[in-house]
Amino acid sequence: MRACSTKRSKPLSDPTRRQILEFLRRGPKSAGEISEQFGTSGATISHHLSVLKDAGLVSDEKRGKYIFYELDTSVLQDMLAWVAGFAKGDGDETKQ
């Protein structure tokens with residue numbers, strides 16, 4: 001099991017990014033659809049998506065002239081497993 005890194009936890013500290021992840025639970029969305037949902041500029045959404053992508057929380061795929069974003073659930077599962085270790089009292093997060 002991998003330890004939860006700051007690179008992955010910091011993106012989750014922003015409420016807009018958490019809302020974007022929640023929105024993407026419904027399936028892949030284009031940047032335009034995400035921007036419309038949140039009523040913010042394309043540049044702002046682009047920044048949030050870049051942070052989420054860099055953290056490995058979302059992936060993107062170009063389809064024609066649009067880029068679609070979707071959740072990368074494997075990273076979220078890793079994070080949940082790491083957090084669950086605390087509930088079990090496992091103090092050594094470096095164990096594999």
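Because the structure is predicted, anything quoted here is derived from the model rather than measured.
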Expected output: side-chain Ser30 to main-chain Phe68 donor-acceptor under 3.5 Å: no
Contact summary for Phe23 and Glu33, nearest pair of heavy atoms: CE2-O, 4.1 Å
Rounded distance [0.5 Å steps], CD1 in Ile67 versus CD in Glu61: 10.5 Å
Donor-acceptor pair, side chain of Arg17 and main chain of Val51, under 3.5 angstrom: no
Sub-4.5 Å side-chain heavy-atom contact between Glu70 and Val58: no
Single hit among Ile20, Thr40, Leu21 for side chain to side chain contact (heavy atoms under 4.5 Å, CB included) with His48: Ile20
Heavy-atom neighbours of Arg63 CZ exceed 12 at 6.0 Å: yes
More than 12 heavy atoms of other groups within 6.0 Å of Phe38 CZ: yes
Lys29 side, atom NZ; Leu49 side, atom CG - distance, nearest 0.5 Å: 13.0 Å
Minimum heavy-atom distance between Ser35 and Gly42, given as atom pair plus value: OG-N, 3.8 Å
Reported CG-to-CZ distance for the pair Leu71 and Arg26, which is rounded to 0.5 angstrom: 11.5 Å
Heavy-atom side-chain contact between Ile34 and Leu24 under 4.5 Å: yes
Beyond-backbone contact of Leu57 with Leu52, side-chain heavy atoms, under 4.5 angstrom: yes
